[in-house]
Amino acid sequence: MEYSGDEYDVIVVGAGIMGSSTAYQTAKRGQKTLLLEQFDFLHHRGSSHGESRTIRATYPEDYYTPLVLESYKLWQQAESEIGYNVYFKAHQLDMAPANNKVLHAVVESCRKNSVPIRFMNRDQLDREFSGRIRIPEDWVAVATEHGGVIKPTKAVSMFQTLALQNGAVLRDNMGVKGVERDGVRGGVWVCTENGERFWGKKCVVTVGAWTTKLVKTVAGIELPIQPLETTVCYWRIKEGHEGGFAIGGDFPTFASYGDTYIYGTPSLEYPGLIKVAVHGGYPCDPDKRPWGPGNPLAPLKEWIEGRFSGVVDSGGPVATQLCMYSMTPDEDFVIDFLGGEFGKDVVVGGGFSGHGFKLSPVVGRILADLALSGDAQGVELKHFRIARFQENPKGNVKDFL
């Protein structure tokens with residue numbers, strides 16, 4: 001087929017981590033790819049910026065763990081192609097009250113997926129980390145080697161660079177206002193706010209917190225994806241103790257399933273500071289964000305005081321960053337064909353619910369598979385279908401909640 005400059009095999013709308021990973025995948029497979037971004041590339045207005053994201057295989061839902069294990073391999077493959085690292089190895093530690101259903105589900109998921117784990121009670125954990133992490137008497141901890149930290153902005157840049165090297169066209173400040181079916185020759189027209197139109201055999205929509213708005217405009221479908229504004233907090237490690245919490249040693253990425261879901265990473269991006277934050281936030285309109293005030297600090301202060309033996313200053317964070325989540329009711333992803341008049345020509349990836357970044361290499365692989373072949377190799381997508389919300393507005397039922 002002869003191409004004009006405005007015709008593509010695949011048009012990817014949204015150049016955050018998911019769109020950039022998808023464009024890398026399609027371009028690498030020899031497909032003429034266009035990647036469109038509504039703002040500047042590497043902007044800080046969505047969910048793909050910042051300094052660190054956790055990667056872990058400890059999921060209460062057993063269908064995520066195989067995807068994480070594949071993502072580890074794909075992260076390393078992309079790193080080998082670009083020549084620098086975006087993934088930094090660490091172990092993972094999950095902790096919770098001994099009767100916590102989420103932690104029990106994590107254990108079952110690890111066993112089902114052959115992920116080795118170690119149990120520790122309070123005294124064993126105290127010895128393991130020389131008092132750097134402590135839990136209450138009635139809590140337990142589960143350790144695994146499958147943890148680590150991803151550098152997000154650097155990772156987005158990596159996938160965009162690799163897409164470019166494989167022949168993709170990248171255009172930013174190109175807000176998309178519509179996608180229209182081409183009733184004559186098939187495929188779709190992608191229409192931008194500045195009046196440009198691009199034809200593609202296939203289109204992949206990965207617009208993060210803007211997914212609900214764009215999908216409603218394009219197809220009239222109301223996806224239950226709620227943007228949240230969340231706050232990432234960095235806390236000061238007291239002088240003389242910084243090395244014990246630094247990446248590259250034995251200090252893990254971690255998750256705590258108590259009354260509040262708290263997570264964190266070893267000290268990496270800001271020497272002497274450790275990231276500890278709440279998984280959650282406040283509903284927002286991505287085009288009219290409040291830019292604060294952030295999550296309540298009281299649960300974090302109490303948690304830090306109780307876990308780090310006073311070695312981390314719990315008086316308040318010394319630095320904060322704002323980010324957005326795109327939450328589905330069941331916190332599972334949306335990965336599906338848009339359907340209707342578009343059939344299998346438009347694929348949607350969204351609703352990553354604050355835990356998708358680690359999985360972006362495999363999500364990009366899956367979205368590319370769906371666009372190019374209509375099927376995802378070796379992956380069961382029933383948990384991620386749009387139709388689940390028609391059967392149950394709350395989505396997938398989970399026994400541990």
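Judged by distance alone, the side chains of Glu305 and Ser314 do bring a donor and an acceptor atom under 3.5 Å apart. With 3.5 Å as the limit, one finds no donor-acceptor pair spanning the side chains of Thr54 and Thr265. Between the side chains of Ser52 and Lys275, at least one donor N or O sits under 3.5 Å from an acceptor N or O. At a cut-off of 3.5 Å, with distance as the only test, no side-chain donor of Asp375 or Ser373 sits close to an acceptor on the other residue.
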*Take Thr320 and Thr231 through the test side-chain hydrogen bond (donor to acceptor under 3.5 Å, both in side chains) and record every step on the way to the result.*
CA-CA 7 Å; Thr320 60; Thr231 310; over 6 Å; no

Item to complete: Apply side-chain hydrogen bond (donor to acceptor under 3.5 Å, both in side chains) to the pair Tyr63 and Asp332, showing each step before the final yes or no.
Response: CA-CA 10 Å; Tyr63 42 89; Asp332 284 328; 2.8 Å; yes

Decide yes or no on side chain to side chain contact (heavy atoms under 4.5 Å, CB included) for Ile262 and Val276, but give the supporting numbers first. CA-CA 7 Å; Ile262 292 170; Val276 186; 3.6 Å; yes

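Judged by distance alone, with hydrogens and angles left aside, the side-chain atoms of Lys112 form no donor-acceptor pair with the main-chain N or O of Asp62 at under 3.5 Å. Using modelled atom types, no side-chain atom of Ser109 and backbone atom of Pro60 make a donor-acceptor pair closer than 3.5 Å. Judged purely by atom type and a 3.5 angstrom limit, Thr22 has no side-chain atom pairing as donor or acceptor with the backbone of Ala368. The backbone N or O of Ala15 lies less than 3.5 Å from a partner atom in the side chain of Gln160, making a donor-acceptor pair. Judged by distance alone, the side chain of Thr144 and the main-chain N or O of Gln92 form no donor-acceptor pair under 3.5 Å. Side-chain atoms of Lys398 come within 3.5 Å of backbone atoms of Asp330 as a donor-acceptor pair (strictly under, hydrogens ignored). Between the side chain of Asn396 and the backbone N or O of His383 there is at least one donor-acceptor pair closer than 3.5 Å. Remark: the backbone N or O of Leu67 is not paired with any side-chain donor or acceptor of Glu70 at under 3.5 angstrom. Remark: side-chain polar atoms of Asp126 are not paired, donor with acceptor, to backbone N or O of Arg122 under 3.5 angstrom. With hydrogens and angles ignored, the 3.5 Å screen pairs a side-chain donor or acceptor of Thr230 with a backbone N or O of Gly280.
Using a 4.0 Å cut-off between charged nitrogen and carboxylate oxygen, Lys344 and Asp336 do not count as a salt-bridge pair. Taking a cutoff of 4.0 Å between a charged side-chain nitrogen and a carboxylate oxygen, Glu180 and Arg197 qualify as a salt bridge. Here Lys101 does not pair with Asp399 in a salt bridge; the nearest charged N to carboxylate O distance is not below 4.0 Å. Using a 4.0 Å cut-off between a side-chain N of Lys or Arg and a carboxylate O of Asp or Glu, Glu51 and Lys154 do not qualify as a salt bridge. The pair Glu81-Lys28 counts as a salt bridge, with a side-chain nitrogen and a carboxylate oxygen less than 4.0 angstrom apart. In this structure, Arg365 pairs ionically with Asp369, as a charged nitrogen and a carboxylate oxygen lie closer than 4.0 Å. We find that Arg56 and Asp94 are not joined by a salt bridge, their nearest charged nitrogen and carboxylate oxygen being 4.0 Å or further apart. Salt-bridge check for Arg236 with Asp313: failed, with every basic side-chain N at 4.0 Å or more from each acidic carboxylate O. A salt bridge does not link Arg181 with Glu341: every distance from a Lys NZ or Arg NE/NH1/NH2 to an Asp or Glu carboxylate oxygen is 4.0 Å or more. Salt bridge absent: Arg388 and Glu391 never bring a charged side-chain N and a carboxylate O closer than 4.0 Å. A salt bridge links Arg132 with Asp250: the closest approach of a Lys/Arg side-chain nitrogen to an acidic carboxylate oxygen falls below 4.0 angstrom.
Around CD of Glu145, the count of heavy atoms belonging to other residues, nucleotides or ligands within 6.0 Å does not exceed 12. Annotation for Glu239: atom CD does not count as buried by contact number, only 12 or fewer foreign heavy atoms lying within 6.0 Å. Crowding of Arg289 atom CZ: a count of heavy atoms from other residues, nucleotides or ligands under 6.0 Å exceeding 12. By the neighbour-count criterion of 12 heavy atoms within 6.0 Å, atom CG of Asn194 is densely surrounded, having more than that number from other residues, nucleotides or ligands. In this structure, Lys213 places its NZ atom where more than 12 heavy-atom neighbours from other residues, nucleotides or ligands lie under 6.0 Å away.
Proximity of Ile386 to Val334: side-chain heavy atoms (C-beta onward) are separated by under 4.5 Å at one or more points. Counting only heavy atoms from C-beta outward, the side chains of Ser267 and Ile237 approach each other to under 4.5 Å. Put simply, the side chain of Trp235 reaches to within 4.5 Å of the side chain of Pro317, judged on heavy atoms. No side-chain heavy atom of Val347 sits less than 4.5 Å from a side-chain heavy atom of Leu338.
Taking the six-membered ring for Trp and the full ring otherwise, the centers of His279 and Tyr325 sit less than 6.0 Å from each other. Aromatic pair Tyr64/Phe333: ring centres closer than 6.0 Å. Proximity of the aromatic rings of Trp75 and Phe159 is defined here by a centroid distance below 6.0 angstrom, and this criterion is met.
The ring pair (Phe, Tyr, Trp, His ring centres under 6.0 Å) pairs that include a residue from residues 109-152 are Tyr72-His146, where partners are two or more places apart or lie in different chains.
A cation-pi geometry, defined here as NZ or CZ lying under 6.0 Å from the six-membered ring centre and within 45° of its normal, does not hold between Arg45 and Trp210. Relative to the six-membered ring of Tyr8, Lys32 meets both conditions, a distance below 6.0 Å and an angle of at most 45° to the axis.
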Got a list of side-chain donor-acceptor pairs under 3.5 Å for residues 297-304, not counting sequence neighbours?
| unit_1 | atom_1 | unit_2 | atom_2 | d |
| --- | --- | --- | --- | --- |
| Lys301 | NZ | Gly315 | O | 3.3 |
| Trp303 | NE1 | Ser256 | OG | 2.9 |

Review item, side-chain donor-acceptor pairs of residues 169-176, under 3.5 Å, at least two apart:
| unit_1 | atom_1 | unit_2 | atom_2 | d |
| --- | --- | --- | --- | --- |
| Arg171 | NH2 | Glu196 | OE2 | 2.9 |
| Asp172 | OD2 | Phe41 | N | 3.0 |
| Asn173 | ND2 | Asp40 | OD1 | 2.8 |

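The residue from Phe88, Phe245, Phe251 that alone fulfils the side-chain contact (heavy atoms from CB on, under 4.5 Å) condition with Pro266 is Phe251. Looking at Val107, Val106, Thr65, Leu93 one by one, the single match for side-chain contact (heavy atoms from CB on, under 4.5 Å) with Thr58 turns out to be Val106.
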